[in-house]
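As the structure is a prediction and not an experimental result, all values here were calculated from the model.
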Amino acid sequence: MQNLPLAGYKPERTEVSVKDMTVGGREMILMAGPCAVESEFQMQEAAAAVKTAGGTVLRGGVYKPRTSPYAFQGLGREGLRYLTAAAKERDLLTVTEVIDPASLEEVHDQVDMIQIGARNMQNFQLLKLAGQSGKPVILKRGLSATIEEWLSAAEYILAEHNPNVILCERGIRTFETSTRNTLDLSAIAVIRKISHLPVIVDPSHAAGHREYVPALSKAAVAAGADGLLIEMHPHPEEAKSDGAQSLTPSELQQLASELVTIAASMGRSMNGAGSGLDSLRQKIDSIDSGIIELIAERMNVVKYIAREKSPDRIRDHNREQEIIKRLGRVAAELNCPAELVREIYASIFDHAIKAQLQDKAHRLDSAAYGR
Ligand code: PEP
Ligand code: MN
């Protein structure tokens with residue numbers, strides 16, 4: 001008996017490539033779209049919004065596993081056409097959920113990735129067929145599944161020689177009722193320790209309320225998620241399913257721009273698939289704010305450092321050279337000109353010294369006057 005040989009830990013993390021997209025690499029992938037495909041126009045609007053936000057994948061359920069048999073069950077084949085046409089128009093990849101062998105067969109040649117939903121995580125026949133299909137699979141964590149059970153489910157797909165499995169944490173059932181589920185952020189860290197598979201997060205089904213989605217998304221990226229799968233509806237108040245947890249297009253765009261600096265702090269980029277002047281400018285604005293916040297924080301620390309130095313030793317050229325050298329290497333690795341780093345830091349050092357001298361003088365004055 002083998003014990004999780006395929007989904008288990010390997011030193012190199014697996015990257016799942018789908019056309020130009022790689023999940024599990026340096027880039028943090030944004031996937032978004034409505035819970036359910038409802039109309040051609042809805043999907044056109046949704047695709048435009050995902051593109052503007054810098055997303056790479058358009059989601060939309062056409063076969064919906066609903067808790068009630070009387071709830072909207074999805075548009076099936078017709079919906080699939082709306083999903084794929086809208087994605088093609090905006091050069092986005094597609095993902096949709098499969099719920100049984102027939103729906104898998106139906107979507108197989110139409111979409112780029114298939115999703116196995118939380119309710120089907122232990123539908124072993126479906127897992128095997130998904131494995132045999134060779135399609136990239138987003139495998140959601142079951143509502144009450146342990147991480148080990150989740151990895152065992154992934155194992156069914158991998159065992160059919162399909163290595164393209166992306167795990168998706170979407171919240172688990174707990175005693176808490178103020179959110180629809182409880183986002184298990186620790187699962188991301190655990191998966192990264194005990195598995196090699198990429199892991200993304202669906203904050204929407206975890207939260208159940210759109211207002212919590214930004215916070216959970218940011219936390220997920222900070223915890224090391226390889227991507228986000230977010231529900232967004234052009235008009236959430238009209239949604240046939242999960243409207244309350246769906247972001248509006250502008251909320252998605254705002255969130256995406258705020259995620260840029262968090263992703264960067266995790267060594268990840270969020271380039272999206274190219275996304276229009278306004279959206280790129282919004283990203284730049286967000287990065288610039290992040291840069292200023294960090295410089296302000298640096299200036300703050302610098303003052304405390306001055307208090308540890310004797311007055312004649314405020315400027316330390318060796319230390320400055322060390323910093324420039326180290327950052328030059330970091331910059332080179334990131335394809336950023338080392339010259340830029342040198343120029344920026346020459347100025348940062350000058351201002352730091354000025355601030356330190358001022359702080360010292362001020363403190364000496366205060367001491368002299370007994371204040
Ligand atoms: C969905 O993605 O719309 C969905 C039904 O998700 P889950 O299987 O995580 O409930
Ligand atoms: Mn949904």
Donor-acceptor pairs under 3.5 Å, side chain of residues 129-138 to any protein atom, not counting sequence neighbours: which ones?
| unit_1 | atom_1 | unit_2 | atom_2 | d |
| --- | --- | --- | --- | --- |
| Gln132 | NE2 | Glu160 | OE1 | 3.3 |
| Ser133 | OG | Ala130 | O | 2.6 |
| Ser133 | OG | Lys135 | N | 3.1 |
| Lys135 | NZ | His108 | O | 2.9 |
| Lys135 | NZ | Val111 | O | 2.6 |

Pairs satisfying side-chain hydrogen bond (donor to acceptor under 3.5 Å, both in side chains), at least one member in residues 75-90, at least two apart: Arg77-Glu106, Glu78-Tyr82

Are [X] and [Y] linked by a side-chain donor-acceptor pair shorter than 3.5 Å?
X      : Y      : value
His235 : Gln42  : no
Ser347 : Asp350 : no
Asp242 : His205 : yes

Non-hydrogen side-chain atoms of Tyr63 and Val107 separated by less than 4.5 Å: yes

Just so I know, are the side chains of Val201 and Leu216 near enough to count as touching, which here means a heavy-atom distance under 4.5 Å? no

Hey, what else clusters with Leu294 if you join Ile, Leu, Val, Met, Phe, Trp, Tyr whenever side-chain heavy atoms sit under 4.5 Å? none

Are the side chain of Lys218 and the backbone N or O of Glu258 linked by a donor-acceptor pair below 3.5 Å? no

Backbone of Thr182 reached by a side-chain donor or acceptor of Thr179 within 3.5 Å: no

Which residues pass the ring pair (Phe, Tyr, Trp, His ring centres under 6.0 Å) test with Phe72, not counting sequence neighbours? none

Heavy-atom neighbours of Arg298 CZ exceed 12 at 6.0 Å: yes

Taking atom CZ of Arg319 as the centre, does the number of heavy atoms from other residues, nucleotides or ligands within less than 6.0 Å exceed 12? no

Quick one: side chain to side chain donor-acceptor pair (under 3.5 Å) partners of Thr14, sequence neighbours excluded? His196

By side chain to side chain donor-acceptor pair (under 3.5 Å), which residues pair with Arg268, not counting sequence neighbours? Asp226

Looking only at heavy atoms, which two atoms of Thr261 and Ser286 are closest? And how far apart? CG2-O, 3.6 Å

